[in-house]
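Every chain is numbered from 1, with letters handed out A, B, ... down the list of sequences. Computed from heavy atoms alone, side chains included, the values below leave out hydrogens, waters and symmetry copies.
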Amino acid sequence: PIRHSESVPNVAVNVDLQTDATLQVDISDALSERDKVKFTVHTKSTLPNFKQNEFSVVRQHEEFIWLHDSFVENEDYAGFIIPPAPPRPDFDASREKLQKLGEGEGSMTKEEFTKMKQELEAEYLAIFKKTVAMHEVFLCRVAAHPVLRKDLNFHVFLEYNQDLSVRGKNKKEKLEDFFKNVVKSADGVIVAGVKDVDDFFEHEKTFLLEYHNRVKDASIKSDRMIRSHKSKLHIPFPHLFPHLFPHLFPHLFVRFFLKVSELFEKTRKIEARVAADEDLKLADLLKYYLRESQAAKDLLYRRGRALVDYENANKALDKARAKNKDVLQAETTQQVCCQKFEKISESAKQELIDFKTRRVAAFRKNLVELAELELKHAKGNLQLLQSCLAVLKGDT
Amino acid sequence: MTAWEPPDSRRRSLHGYHCQAKMAEEREPPPLGDVGQADFVEVEDGEDLFVSTVTTIEQLSPTTPEPSCLPAEDISTNSNGPKQEILLDDDQEDLFAEATEEVSLDSPEREPILSDGPSPAITPVTPTVIITPRAEASMFDRSLDEDEDTEENGDTFDMQITVSDPEKVGDGMNAYMAYKVTTKTSLNLFSRNEFSVKRRFSDFLGLHSKLASKYMHIGYIVPPAPEKSIVGMTKVKVGKEDLSSAEFVEKRRSALQRYLTRTVTHPALLKDPDVIQFLENTELPRAVSTQALSGAGILRMVNKAAEAVNKMTIKMNESDAWFEEKQQQFENLDIQLRKLHASVESLVCHRKELSVNTASFAKSAAMLGNSEDHTALSRALSQLAEVEEKIDQLHQEQAYADFYLFSELLGDYVRLIAAVKGVFDQRMKTWSKWQDAQLLLQRKREAETKLQYANKPDKLQQAKDEIKEWETKVQQGERDFEQISKNIRQEVGRFEKQRVKDFKVVIIKYLESLVHTQQQLIKYWEAFLPEAKAIA
């Protein structure tokens, strides 16, 4: 079990959010157990809705999903980009590696073993911290949204200090979900085919479709690249250097080769940090916007659906008027559809504009930080290498 | 061992980026572990680890002092073993016509040269030239400083060998690659200062084969030739003009150059007529016996097997702890080197993979930048794509350096260690021969004693003659054993010094390549930073 240290800054990594004093949410602690992670959700609020001004509850991943799904299913929120749900904590790969290491303990020296163990544990810790950050971002997005933050389920999630008894979906429900998704994508194609009168939305539709696909591709490729980077670091390098020098002149040449050995140790550590930073600043950024752009697409889909419904209702109304049958009913339906459509359109426009602003800000922040970290590490490496070289070359 | 260099393409200069941005102040470290300041290596002042001639990379500086000042050695154009071509005799006489001074075994100044008299008990081929420079002889006794001084003085040895211009000759399965071997030297051994010849791979193998048969059994470490590769050569023969066959040819060319350079760095081998002929003669008789499936090839394999069996049955009484210790050291070194070699090969692989993935990501980032509708962000993403593309190039170049500097050197040394072990085995064989001779002598003596009571005068005389013969053989055996032991000590000392030098030079070069990579990285990211900051 690993605890999320409290000294670590809980900054939402990928999203630039305005938080205000009326409602602040963060994950103050987390505990990783064998097959689950327990997040301590900490809330500070001046809102009258809550019994206290500051309180904490323990939540698990399934409860976050429940909250997210409740937003998606809520018709009132159809016009919003629903903050994407955090991905499930996945330690399987890391655990497998640690296990393999344990099995292979006999085939390597104690030093090598300890070193690899440290590296793998650091990796495990990194994954752990990432999942905490992603869950936190979700909550912060909700808390920052003018409407969602008032959601009752959200308040229950934050305040109710018992288990929400939200079990994960069983097989039947998962199957239902699967079919729902199939239907939805098919429908989505139809809806997307309907040309929109409004230029803004037409443009957004085209843009988001392409953007989402490209972000997906970039996310996959960046993952691959960073994985390569990391795997390069796991190659074992035996402590050869003591054997390389002749025992005739022990002192002088030992120092040379030991210095080189030390150097490679240090540069390897820096390389590991580079890979970790790239992971955080680049890969995670892309992953997040993959999910958000999907949420934006979902919004457009809902609007498109509402538009189709509205147009169909119009047609039905005309038909009813022509036949002079069930006119009142048709009128009511048409009005409902109209209202729904207009409500969604209004908020959708703002949501999409906000999405762009957030996206640009997040990319800027992360790209700048990425460049700065890469520079820092390269300079560190360079310094190490140059000073080592200077020593090795003697005073020529 | 520094005669090879990674091709200059590695050091392509790139358009300079104008660095506009100042370094931002230290950012908050990522929430990941302890990101402290990099620990910098404290520069030790006042102590130089070694006084070396490393800076003059191109120069070869073996431990021989001025050879031109050495009195001419006694070179015997003696019995060439069955493996040598008859042509050699004539050449030898021409080259060393000046050699006059006899060196006696008791000369205090020079190490005794192996007897060149007929010695039938020993395996056929005796060496023609042996040089044991003064410095090496007392190397163990001197302090380090003195030794380095000798090296400094010894720099009149000047020889550079390059293997270049691989050219395919012929067609189909009979085709082969011809390499140009250029020698630049100021040594008197050669008739000109600069000359080149064309050689094919089997010529190199032939040279090695001759040298090995001449010198290994007296304890000289003969540098091993590059390995054959049926797959590699077949591709070339068949005419596959792809990257992998180009790489193969380059790898081989580089290996051949290192092989020759090592060979001539050995003071005795340099003067060997076969070596000189190899470097100078336009035409060289085809070394047929190097083909794997030839009669000679099969004989070699049989011999190797027999030797392996012998090795297992010889239990040597090691009276000299030095040898036991050294053998153990070489065992350890062998194991460690192989491990390191495997690791470096793995590193090369991984770096190539990283390069591929980086290129792929760069393309993807460019596409993303295209579809981004915020102008400044779009531009920044395109720039990011460019940076990643350049980094991919860097990865490739670094992989190249990893390979040619490190991996190949390690491979060379794994093979060299095998040669060293071979020489130790030869010593065992020599000892074994000596012991066998002693055994036989004893038997002869016993036989003679028996005959004394049997009253067969002619048989007795024969026995006495045989005893005399075997007494000589025993003495010879003992001398051989002592000689090979002495030679090995010197060779090992020379080898270890050379090894340290080789690794030092390569490591320094490798570090310099790493420095270059980091400097380029800094350049790229510094150029990118203002673009990222410009996103508004």
Side-chain angles (χ1 to χ4, degrees), chain A residues 8-9 122 126 129 207 210-211 214-215 217-218 221-222 224-225 228-229 231-232 235-238 240 243-246 249 252-253 255-256 260 266 270 273 276-277 280 356 360 363-364 367-369 371-372 374-375 378-392 394-396, chain B residues 23-24 27-28 30-33 35 38-41 43-44 48-52 55 144 332-333 336-337 339-340 343 346-347 350-351 353-354 357-358 360-361 364-365 367-368 371 373-374 377 380 384 496 500 503-504 507-508 511-512 514-515 518-519 521-522 525-526 528-529 532-533 535:
Chain A
V8 169
K129 287 184 177 174
F207 162 72
E210 193 187 56
Y211 186 80
R214 302 237 171 128
V215 163
D217 190 52
K221 303 271 165 72
S222 78
R224 223 179 268 164
M225 176 178 78
S228 287
H229 212 151
S231 74
K232 188 164 69 80
I235 301 170
F237 277 91
L240 162 74
H243 295 277
L244 267 183
F245 61 88
F249 310 111
L252 287 93
F253 297 127
R255 227 193 319 257
F256 177 94
V260 174
K266 290 183 184 147
I270 294 186
R273 276 181 220 141
D277 288 342
L280 273 177
K356 181 164 172 174
V360 171
F363 268 80
R364 181 186 192 281
L367 288 178
V368 167
E369 285 176 0
E372 286 173 345
E374 293 268 5
L375 270 173
K379 288 187 176 169
N381 257 339
L382 182 65
Q383 180 87 339
L384 274 179
L385 288 165
Q386 280 175 331
S387 58
C388 186
L389 260 177
V391 174
L392 295 182
D395 50 359
T396 16
Chain B
M23 247 316 276
R27 284 312 204 128
E28 167 188 292
L32 178 67
V35 179
D39 300 331
F40 298 150
V41 171
V43 179
E44 292 178 11
D48 48 280
L49 293 175
F50 48 89
V51 175
S52 82
T55 43
L144 180 64
N332 290 342
L333 186 59
Q336 294 297 316
L337 273 178
K339 270 198 207 161
L340 188 60
S343 287
S346 180
L347 176 66
H350 274 85
R351 225 193 269 277
E353 190 190 303
L354 176 59
N357 289 341
T358 307
S360 162
F361 172 70
S364 188
M367 296 285 277
L368 184 63
S371 66
D373 63 354
H374 184 275
L377 178 55
L384 179 69
E496 297 197 314
V500 169
F503 273 90
K504 260 172 11 193
I507 286 176
I508 286 181
L511 291 184
E512 284 172 345
L514 291 177
V515 163
Q518 295 301 318
Q519 283 170 332
L521 276 177
I522 289 174
W525 287 111
E526 274 181 347
F528 175 72
L529 191 54
K533 287 189 170 164
I535 303 170

Interatomic spacing from [atom1] in [X] to [atom2] in [Y] - rounded to 0.5 Å:
X      : Y      : atom1 : atom2 : result
B:L511 : A:L389 : CG    : CG    : 4.5 Å
B:K533 : A:E372 : NZ    : CD    : 5.0 Å
B:H350 : A:H229 : NE2   : NE2   : 12.0 Å
A:K379 : B:I522 : NZ    : CD1   : 6.0 Å
B:L377 : A:L367 : CG    : CG    : 7.0 Å
B:E353 : A:M225 : CD    : CE    : 13.0 Å

Practice prompt. Would you please name every residue forming a side-chain hydrogen bond (donor to acceptor under 3.5 Å, both in side chains) with A:E210, sequence neighbours left out?
Written response: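 side-chain hydrogen bond (donor to acceptor under 3.5 Å, both in side chains) list for A:E210, sorted by chain: A:R214.
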Discussion item. Please enumerate all residues that pass side-chain contact (heavy atoms from CB on, under 4.5 Å) together with A:R224, with sequence neighbours excluded.
Written reply: A:I220, A:K221, A:R227, B:N357
Worksheet, complete the sentence: Of all heavy-atom pairs linking B:F528 and A:A371, the shortest is CD2-CB, 3.8 Å
Discussion item. Which heavy atom of A:S222 sits nearest to which heavy atom of B:F361, and what is that distance?
Written reply: CB-CE1, 3.4 Å
Worksheet item: Where does A:Y211 contact chain B at under 4.5 Å (heavy atoms): side chain, backbone, both or neither?
Response: both
Worksheet item: Do A:D217 and B:M367 have side-chain heavy atoms sitting under 4.5 Å apart?
Response: no
